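Comments concern the structure below.
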Amino acid sequence: MKNILLKIFVLAGIALTVNACHQKEIVNVSLALVQTANGITSDTLKGTVKGTMLAGKTYYFKSDITVNDGDTLLMQNGVHLIAIGDGITAATSPEIFVHGTFISLGTQDAPNFITVANAATLHAQAAAQNYTNVFFGWWGGITATPATPTPTNPSPKGGDLILKWTHIEFGGGPAGANDVAAIYPSGTARFNIYFGNTTKNLIIEDSWFFGSKDDNIQVGSGHISLMRNTFELCGAVGGEFYNIKTGTLGDIAYNVFIGSATNSTKISDSGTSGIQCTAYVYNNTMIDGGYRQTKSGRGGSIDFEKGARGKAYNNLIVNCRFGLRITPDADFANVAYGNNYFYGYSAAIVGQFYSADSAPSVLAAPAATDIRSTTAQANNPLFYSFDVNQFNFTANPGPLSANVQTPNSVILGTQNIKLLGTSPGIGKGTTNFSPLGSVTATGTFGANITPPGHDIGAYQTDGTGNLH
């Protein structure tokens, strides 16, 4: 493994310190070079962009920017990219179009930010439980798809989107003429990220997402690896943290999801790619999800539907409005699940640990390896410093009626959701399967895939898993 890592090239003035891998880490690395142009010295990006955004610098964009097919835009560590937008029109809500490759290489000590100028104010408002501006949709987000074919480029290939140790926040501005209507009908809210490329890779590791207006991330197709990220407070009255469609294959693991409008993860084969949507969802921690969505069965944690298949193991699902959902129109015979840990503050939550509109065979055979109870507030997972009974009638935003108790905590903040050593979830995970490992050649920087862990949830007592 070390020999593989030592073959990674240092490009475009990027200094990468390569450490020995943890023995439980799978690293998929391509030896193909990522070609980047010279460093970008102007602090304002506009039009067509490529090259290297230099470590520690702050850049701005106030109109749409585009990475062309065959080009690469790369961010070194400690970069701030600020969208100057007001969220009122498409023209004043700038978007990043990625028809080539976009790589953000933040580090644990110097993360990158793709955000807005008023981000500090918005975070302060969210902490004070004022969510109006948080869900406003200030800029257009990132849209990564192949370019529209032209006579001179009849078969554009597109590229990878690779994000490491990167904050992405407050997208959702209205779509306009530059958007593909099949993705974003005119005037609808855009996502923090849309990725759609059947042959390419979406790799997101150790990153943070906050404050989208609708879906936070939607994947139309592609090879995915979503590892060790933190998602907070996304979707005003609807939208998923991570919504994947037909043609999408990969792993969703060791993520923290708190305060989703609808589901933390939605896995659906809707569409016409001909490649069955398949996701392995394991060792995630999902808290207080689904309370801004009023549709039956929608909202909370893990949702397999419309022909999708995969696995769901070792997930910690706490006070989500609905638990595991595997609908009759999912490929439920090919969804394997177990060793999930459910906690419910109320009888209503307990009654939906397996969503009541799941396939009858799923409801008839809940996994014997699950940790769950028919009694409200039983089996407390024992977090270090997070009160699982932070419920009231008014604090959580959204349309639910006042007589429905909703969780007070929809952002993680400084709360510690690692498990105490006495938690019932310690040692109760299964490691009897391997990650799907769908990501293929991913440029120089590869994907660090953490396999299933012995402990339930995103944090492991051996130090692996989520590092936030």
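Keep in mind that what you see is a predicted model, and the values were worked out from it rather than measured.
- Judged purely by atom type and a 3.5 angstrom limit, Arg321 has no side-chain atom pairing as donor or acceptor with the backbone of Thr262.
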Thr464 vs Asp462, side-chain hydrogen bond (donor to acceptor under 3.5 Å, both in side chains): CA-CA, chis, key distance, verdict: CA-CA 6 Å; Thr464 58; Asp462 65 3; 2.6 Å; yes
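- Checked by atom type and distance alone, the side chain of Asn319 never pairs as donor or acceptor with a backbone atom of Asp288 at under 3.5 Å.
- Side-chain contact annotation: Asp370 with Tyr354, donor-acceptor N/O pair under 3.5 Å present.
- The backbone N or O of Asn389 sits less than 3.5 Å from a side-chain atom of Asp387, completing a donor-acceptor pair.
- Pro435 and Pro451 make their closest contact through CG-CA, 3.9 Å (heavy atoms, listed as atom of the first residue, atom of the second, distance).
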Worked verdict on Leu122 versus Val116 for side-chain contact (heavy atoms from CB on, under 4.5 Å): CA-CA 9 Å; Leu122 296 175; Val116 294; 4.0 Å; yes
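- Val388 places a side-chain heavy atom less than 4.5 Å from the side chain of Pro381.
- With Asn284 contributing its side chain and Tyr254 its backbone, the two residues share a donor-acceptor pair below 3.5 Å.
- Ser207 and Asn229 make their closest contact through N-OD1, 2.6 Å (heavy atoms, listed as atom of the first residue, atom of the second, distance).
- Put simply, the side chain of Leu316 does not reach to within 4.5 Å of the side chain of Ile417, judged on heavy atoms.
- Donor-acceptor pairing under 3.5 Å is recorded for the side chains of His223 and Ser438.
- The nearest pair of heavy atoms linking Val237 to Ala261 is C-CB, 4.4 Å.
- Contact of the Ile82 side chain with the Thr115 side chain is registered, since non-hydrogen atoms from C-beta on lie closer than 4.5 Å.
- Using modelled atom types, no side-chain atom of Ser355 and backbone atom of Gln352 make a donor-acceptor pair closer than 3.5 Å.
- A distance-only check finds no donor-acceptor pair linking the side chain of Thr430 to the backbone of Tyr313 [under 3.5 Å].
- Between Phe257 and Phe241, the distance from one ring center to the other falls under 6.0 angstrom.
- Within the 3.5 Å criterion, the main-chain N or O of Lys418 finds a donor-acceptor partner in the side chain of Asn416.
- Although no hydrogens or angles enter the test, the distance criterion places no donor-acceptor pair under 3.5 Å between the side chain of Gln218 and the main chain of Asp215.
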Audit row: Ile162, Asn201, side-chain contact (heavy atoms from CB on, under 4.5 Å) steps and yes/no: CA-CA 8 Å; Ile162 302 172; Asn201 305 281; 6.0 Å; no
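- Of the N and O atoms on the side chains of Thr92 and Thr89, at least one donor lies less than 3.5 Å from an acceptor on the other residue.
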Asp329 vs Thr327, side-chain hydrogen bond (donor to acceptor under 3.5 Å, both in side chains): CA-CA, chis, key distance, verdict: CA-CA 5 Å; Asp329 66 355; Thr327 64; 2.4 Å; yes
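- For the residue pair Gln293/Glu240, the side-chain donor-acceptor check at 3.5 Å is not satisfied.
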Candidate pair Leu81 and Met53, rule side-chain contact (heavy atoms from CB on, under 4.5 Å), full reasoning: CA-CA 9 Å; Leu81 177 58; Met53 302 172 70; 3.8 Å; yes
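- Side-chain contact of Thr450 with Arg228: a donor-acceptor pair under 3.5 Å is present, judged by distance alone.
- Aromatic ring pairs are classed by plane angle as parallel below 30°, tilted from 30° to 60° and perpendicular above 60°; the pair Phe209 and Phe231 is parallel.
- The two residues Ser225 and Ile449 come nearest to each other via the heavy atoms OG-CG1, 3.7 Å.
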Candidate pair Arg190 and Asp179, rule salt bridge (charged side-chain N to carboxylate O under 4.0 Å, His left out), full reasoning: CA-CA 9 Å; Arg190 290 168 283 179; Asp179 292 290; 3.8 Å; yes
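- Taking the six-membered ring wherever Trp is involved, the centroid distance between the rings of Phe170 and His123 falls below 6.0 Å.
- Using a 4.0 Å cut-off between charged nitrogen and carboxylate oxygen, Lys428 and Asp455 do not count as a salt-bridge pair.
- What you find for Tyr194 and Gly220 is that their closest heavy atoms are OH-CA, 3.3 Å.
- Atom OG of residue Ser385 and atom CD of residue Gln415 lie 6.5 Å apart, to the nearest 0.5 angstrom.
- Of the options Asn178, Thr143, Thr66, a side chain to side chain donor-acceptor pair (under 3.5 Å) to Glu95 is made by Thr143 and by none of the others.
- One finds the CD1 atom of Ile258 at 8.0 Å from the CD1 atom of Ile411 (value rounded to the nearest 0.5 Å).
- Of the inter-residue distances, the one linking Ile224 atom CD1 with Ile244 atom CD1 reads 4.0 Å to the nearest 0.5 angstrom.
- Of the inter-residue distances, the one linking Ile252 atom CD1 with Thr265 atom OG1 reads 5.5 Å to the nearest 0.5 angstrom.
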Intermediate values then yes/no, side-chain hydrogen bond (donor to acceptor under 3.5 Å, both in side chains), Asn112 and Ser104: CA-CA 7 Å; Asn112 290 340; Ser104 175; 2.9 Å; yes
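- By the 4.0 Å N-to-carboxylate-O rule, Asp357 lies close enough to Arg325 to be salt-bridged with it.
- With rounding to the nearest 0.5 angstrom, the CG atom of Asp251 is 5.5 Å from the CG atom of Leu436.
- Here the side chains of Met286 and Ile302 are in contact, with some heavy-atom distance below 4.5 Å.
- When all heavy atoms are compared, the tightest approach of Asn192 to Phe210 is ND2-O, 4.0 Å.
- For the pair Lys62 and Tyr60, the cation does not sit on the ring face, since its NZ or CZ is not both under 6.0 Å from the ring centre and inside 45° of the axis.
- The six-membered or imidazole ring of Phe304 lies away from that of Phe332, with a centre-to-centre distance of 6.0 Å or more.
- Between the SG atom of Cys320 and the CD1 atom of Ile349 there is a distance of 8.5 Å, given to the nearest 0.5 Å.
- Inter-residue side-chain proximity for Val219 and Tyr242 is flagged as met; some heavy-atom pair is nearer than 4.5 Å.
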Worked verdict on Lys306 versus Lys245 for side-chain contact (heavy atoms from CB on, under 4.5 Å): CA-CA 9 Å; Lys306 296 182 180 177; Lys245 306 292 188 183; over 6 Å; no
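- Between the side chain of Asn283 and the backbone N or O of Pro452 there is no donor-acceptor pair closer than 3.5 Å.
- Ring geometry for Phe386 against Phe383 counts as perpendicular: the plane angle is over 60°, on a 0 to 90° scale with 30° as the lower cut.
- Remark: the Asn314 side chain and the Asn339 side chain contain no N/O donor-acceptor pair separated by less than 3.5 Å.
- Under the 4.5 Å side-chain criterion, counting only non-hydrogen atoms from C-beta, Tyr131 is in contact with Leu233.
- Formation of a donor-acceptor pair under 3.5 Å by the Thr145 side chain with backbone atoms of Gly196 is not found in this model.
- Considering only heavy atoms from C-beta on, Ile40 comes within 4.5 Å of Tyr59 through its side chain.
- A 4.5 Å side-chain heavy-atom check between Phe102 and Asp160 finds every atom pair outside the cut-off.
- The side-chain tip of Lys311 points at the ring of Tyr280 from less than 6.0 angstrom away and within 45° of straight on.
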